[in-house]
Amino acid sequence: MRRILILDDEPSVLSALRRTLRAAFPPDDVVIEAFDEPEAAVLRAGEQDFDVVISDYRMPGLNGADVLQLMKGLQPEAVRIVVSATKEILEVADAVNRAEVFRYLAKPWQQEELVATVREAFARRDRRAPPRPAPAAAGGHDDVLRRLEQDEPGITRVDWDEDGNIRLF
């Protein structure tokens with residue numbers, strides 16, 4: 001399952017991004033998490049890996065370059081995209097250079113261009129890092145327990161007392 005983090009301080013833009021991406025990528029294939037506060041997005045990136053991070057450039061507090069640079073430190077394999085209405089090329093160049101941004105998309109973006117860019121970002125992510133392991137199939141849990149027991153005999157056995165507490169010795 002792929003994961004996209006989107007960040008924009010404008011709710012209408014955030015909704016448009018989410019709507020465009022949801023129309024292009026089925027929920028069974030891609031999870032989209034949306035944030036309107038840079039700090040919340042960075043905190044979430046500390047908890048969950050993302051394949052693609054899409055951020056606005058101009059926001060109160062942390063700007064897009066700062067956020068994407070933090071994302072680069074937290075998740076170097078995540079592909080970073082900046083969307084912005086700013087026409088100040090030096091600011092955008094700073095974001096691209098500091099955070100190693102994959103693409104810059106100008107607001108308002110073309111839906112086809114956004115979707116194509118995210119598809120390219122997924123392909124780039126696949127080339128940059130090994131694929132994530134697939135979830136264990138049925139019986140996978142038993143295989144893990146069996147290997148643990150082979151390596152550390154007794155580790156999977158639990159000693160319960162009469163009140164339902166675990167005995168530690």
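Keep in mind that what you see is a predicted model, and the values were worked out from it rather than measured. For the numbers below, each heavy atom of this structure counts, side chains included, while hydrogens, waters and symmetry mates do not.
Summarising the geometry, atom CZ belonging to Arg125 is positioned 7.0 Å from atom CG belonging to Asp49; distances are rounded to the nearest 0.5 Å. Taken from CZ in Arg103 to CZ in Arg80, the straight-line distance is 13.5 Å, to the nearest 0.5 Å. Interatomic distance, CG of Asp29 versus CE of Met1, reported as 7.0 Å (0.5 Å rounding). The distance from atom CG of Leu74 to atom CG of Leu43, rounded to the nearest 0.5 Å, is 9.5 Å.
Under a cutoff of 6.0 Å and an axis angle of 45°, Arg2 and Phe25 do not form a cation-pi pair.
A heavy-atom distance below 4.5 Å is found between the side chains of Leu21 and Ile54. Between Gln48 and Val31, every side-chain heavy-atom pair lies at or beyond the 4.5 Å cut-off. Counting heavy atoms from C-beta outward, Ile4 and Ile6 have side chains that approach closer than 4.5 Å. Residues Val52 and Phe102 fail the side-chain proximity criterion, which asks for heavy atoms closer than 4.5 Å. Inter-residue side-chain proximity for Leu17 and Leu114 is flagged as met; some heavy-atom pair is nearer than 4.5 Å. A heavy-atom distance below 4.5 Å is found between the side chains of Lys107 and Glu10. A heavy-atom distance below 4.5 Å is found between the side chains of Arg22 and Pro27. Side-chain contact between Asp56 and Ser84: present, with at least one pair of heavy atoms (C-beta onward) separated by less than 4.5 Å.
At least one donor-acceptor pair closer than 3.5 Å links the side chain of Gln75 to the backbone N or O of Ala45.
Ile81 and Ala121 get closest at one heavy-atom pair: CD1-CB, 4.1 Å. In terms of heavy atoms, Gly64 sits closest to Ser55 at CA-OG, 3.9 Å. Of all the heavy atoms in Pro60 and Pro38, the pair that sits closest is O-CG, 4.1 Å. Annotation for Arg128 and Pro76: closest pair NH2-O, 3.0 Å, computed over non-hydrogen atoms. A pairwise comparison of heavy atoms in Asp8 and Met59 identifies CA-SD, 4.4 Å as the closest pair. For the residue pair Ala65 and Ala99, the shortest heavy atom distance occurs at O-CB, 4.2 Å.
The hydrophobic clustering, which links ILVMFWY residues whose side-chain heavy atoms are closer than 4.5 Å, places Val101 and Val83 apart. Connection of Tyr104 to Met71 is established within a shared hydrophobic cluster, with ILVMFWY side chains joined at heavy-atom distances below 4.5 Å, either directly or through further cluster members. If you chain together hydrophobic residues whose side chains sit under 4.5 Å apart, Val53 and Val118 never meet in one group. Note: the hydrophobic cluster containing Leu105 also contains Val13 (ILVMFWY, side chain heavy atoms under 4.5 Å, direct or indirect links). Under a hydrophobic clustering in which Ile, Leu, Val, Met, Phe, Trp and Tyr are joined whenever their side-chain heavy atoms come within less than 4.5 Å, directly or via other members, Leu68 and Leu14 fall into different clusters.
With Arg3 as reference, Glu33 is the one residue of Glu47, Glu33, Glu77 to meet the salt bridge (Lys or Arg N to Asp or Glu O under 4.0 Å) rule.
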Set out, in order, the CA-CA distance, both residues' side-chain angles and the distance that settles side chain to side chain contact (heavy atoms under 4.5 Å, CB included) for Val30 and Phe122, then state yes or no. CA-CA 11 Å; Val30 177; Phe122 284 152; 4.2 Å; yes
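Within a 6.0 Å radius of CD in Glu39, more than 12 heavy atoms belonging to other residues, nucleotides or ligands are found.
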